[in-house]
Amino acid sequence: WHFFPSPGNGYIEGKELENFFQELESARKGAGVDSKKDNLGDKMKEFMHKYDKNADGKIEMAELAQILPTEENFLLCFRQHVGSSSEFMEAWRRYDTDRSGYIEANELKGFLSDLLKKANRPYDEPKLQEYTQTILRMFDMNGDGKLGLSEMSR
């Protein structure tokens with residue numbers, strides 16, 4: 001997801017969607033999944049018909065998550081449980097336990113643990129550590145090992 005949408009817009013459309021679909025097809029072929037001989041345009045139309053639930057011609061993260069395994073779309077739990085900016089700020093204050101203005105790795109780990117419990121998703125310590133590092137890689141834009149408010153709000 002991080003590689004295809006324009007920075008900050010939260011969806012894939014146009015050339016980004018075409019590039020995404022080419023990568024998806026390449027991954028399927030690499031995994032030995034037999035692909036029909038249809039052309040790319042036909043496959044994209046079929047894909048959009050199936051997954052573009054609001055028919056806006058764009059694939060949003062929530063729509064894309066429909067095709068990903070649960071393990072890959074665990075971040076959607078956050079969106080489901082924090083719907084408004086005031087709920088987001090409440091969650092931010094709860095997990096920024098040292099009041100530094102940042103969510104450090106240990107605080108992020110606590111957040112993810114609670115989130116996974118609330119969503120009733122099983123996990124173990126190595127998986128929680130992997131999720132924590134994944135989130136940091138995805139959203140820590142300045143590479144300081146912690147998430148600032150603007151990074152986390154993305």
Side-chain angles (χ1 to χ4, degrees), residues 1-13 16-17 19-33 44 46-154:
W1 180 262
H2 182 67
F3 296 105
F4 292 99
S6 295
N9 71 5
Y11 55 83
I12 302 173
E13 67 177 338
E16 297 165 343
L17 183 60
N19 291 341
F20 166 75
F21 201 83
Q22 288 173 338
E23 281 291 319
L24 183 62
E25 283 297 297
S26 177
R28 288 171 48 94
K29 287 177 185 170
V33 176
M44 284 180 62
E46 182 181 336
F47 178 87
M48 293 300 287
H49 178 73
K50 186 172 183 178
Y51 295 108
D52 184 16
K53 297 299 184 189
N54 61 3
D56 65 355
K58 304 171 187 174
I59 295 295
E60 298 166 12
M61 185 160 51
E63 293 168 332
L64 182 61
Q66 298 171 59
I67 65 171
L68 298 174
T70 299
E71 188 171 290
E72 299 296 325
N73 67 36
F74 72 97
L75 279 179
L76 290 178
C77 297
F78 179 71
R79 286 191 177 202
Q80 292 169 347
H81 296 292
V82 180
S84 70
S85 58
S86 62
E87 289 173 340
F88 173 81
M89 288 309 298
E90 183 181 319
W92 179 269
R93 285 188 291 273
R94 180 183 311 141
Y95 291 98
D96 180 16
T97 56
D98 64 0
R99 303 293 181 245
S100 66
Y102 296 94
I103 301 291
E104 286 91 6
N106 63 325
E107 295 167 330
L108 179 60
K109 191 174 175 182
F111 166 75
L112 293 173
S113 175
D114 290 350
L115 182 63
L116 291 165
K117 286 175 191 170
K118 187 173 185 177
N120 213 17
R121 306 252 175 125
Y123 67 93
D124 56 15
E125 186 60 30
K127 189 55 71 178
L128 183 59
Q129 186 63 33
E130 178 186 329
Y131 287 162
T132 301
Q133 292 307 309
T134 298
I135 296 294
L136 284 173
R137 276 194 310 276
M138 289 172 61
F139 296 104
D140 181 13
M141 303 310 280
N142 63 6
D144 64 359
K146 55 189 175 185
L147 300 177
L149 187 57
S150 64
E151 292 170 322
M152 189 67 175
S153 68
R154 286 186 71 227

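On a predicted model such as this, the values are computed, not experimentally measured, just so you know. Both backbone and side-chain heavy atoms feed into the values below; hydrogens, waters and symmetry mates do not.
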* Qualifying residues under salt bridge (Lys or Arg N to Asp or Glu O under 4.0 Å), relative to K146, sequence neighbours excluded -> none
* Drop me the distance from Q129's CD to D124's CG, to the nearest 0.5 angstrom. => 11.5 Å
* To do: May I ask you to test the Q133-L136 pair for a side-chain heavy-atom distance under 4.5 Å?
  => yes
* To do: Could you tell me the separation between the OH atom of Y51 and the NZ atom of K53, rounded to the nearest 0.5 Å?
  => 8.0 Å
* All side chain to side chain contact (heavy atoms under 4.5 Å, CB included) counterparts of D98, not counting sequence neighbours -> D96, S100, E104, E107
* What distance do T134 atom OG1 and K127 atom NZ have between them, rounded to the nearest 0.5 Å? -> 8.5 Å
* To do: Kindly indicate whether the side chain of Y95, heavy atoms from C-beta on, has any atom under 4.5 Å from the side chain of D114.
  => yes
* **Test: K50 and E46 ion pair at under 4.0 Å** => no
* Does a donor on one side chain and an acceptor on the other come within less than 3.5 Å for Y102 and D144? -> no
* **For S113, side chain to side chain contact (heavy atoms under 4.5 Å, CB included) partners two or more places apart** => K117, Y123, L128
* What's the spacing between I135 CD1 and F111 CZ if we round to 0.5 Å? -> 8.0 Å
* Structure fact -> For I103 and L108, the nearest pair of non-hydrogen atoms, with its separation, is CG2-N, 3.5 Å
* To do: Look at the side chain of D140 and the backbone N and O of G145, then say whether any donor-acceptor pair between them is shorter than 3.5 Å.
  => yes
